[in-house]
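It should be emphasised that the depicted structure is a prediction, and the values quoted were computed from it without experimental measurement.
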Amino acid sequence: GVVRNMNISHHDAEEILQDVFVKVWRKLEDFDYQPDRGRFRYWLCTIAKNMVINFIQMMLRWINSSLVNKVLSSLTERNITETELCILTC
């Protein structure tokens with residue numbers, strides 16, 4: 001529920017869920033259950049939420065760098081000078 005409710009594609013949600021289960025499996029022996037601090041479910045949901053946030057941040061970085069590269073490539077193809085580029089970006 002947590003991963004699928006964060007508005008990402010079905011395929012990406014499945015990939016993230018697999019990563020969540022692997023991470024939980026690896027960290028399970030370190031999990032110290034203390035009922036007064038919360039349920040196992042909350043720990044699991046926190047891991048899932050953080051992995052979705054990391055995924056979204058990674059995608060945003062990829063999109064931004066891809067967009068910058070496209071713009072620079074386009075400007076280079078048009079033979080725009082550094083002065084013109086400075087005027088366009090300022």
Please report the interatomic distance CZ(F21) to CD1(I47), rounded to the nearest 0.5 Å.
10.5 Å
Shared hydrophobic cluster for Y42 and I16 (ILVMFWY, side-chain gaps under 4.5 Å)
no
Would L17 and L28 show up in the same hydrophobic cluster when neighbours are defined by side-chain heavy atoms closer than 4.5 Å?
yes
Find the distance between CZ (R41) and CG (L44) and round it off to the nearest 0.5 Å.
9.0 Å
Pairs touching residues 13-26 that satisfy side chain to side chain donor-acceptor pair (under 3.5 Å), sequence neighbours left out:
H10-E14
Euclidean distance, I56 CD1 relative to M51 CE, rounded to 0.5 Å:
12.5 Å
Answer yes if L60 and V52 sit in the same cluster of Ile, Leu, Val, Met, Phe, Trp and Tyr residues linked by side chain heavy atoms under 4.5 Å apart, and no otherwise.
yes
For F40, enumerate each residue passing the ring-ring contact (aromatic ring centres under 6.0 Å, His included) test, keeping only those at least two apart in sequence or located in another chain.
F31, W43
For E29, which residues count as a side-chain hydrogen bond (donor to acceptor under 3.5 Å, both in side chains) partner, sequence neighbours excluded?
none
Nearest-0.5 Å distance, CZ of residue F55 to CG of residue D12:
3.5 Å
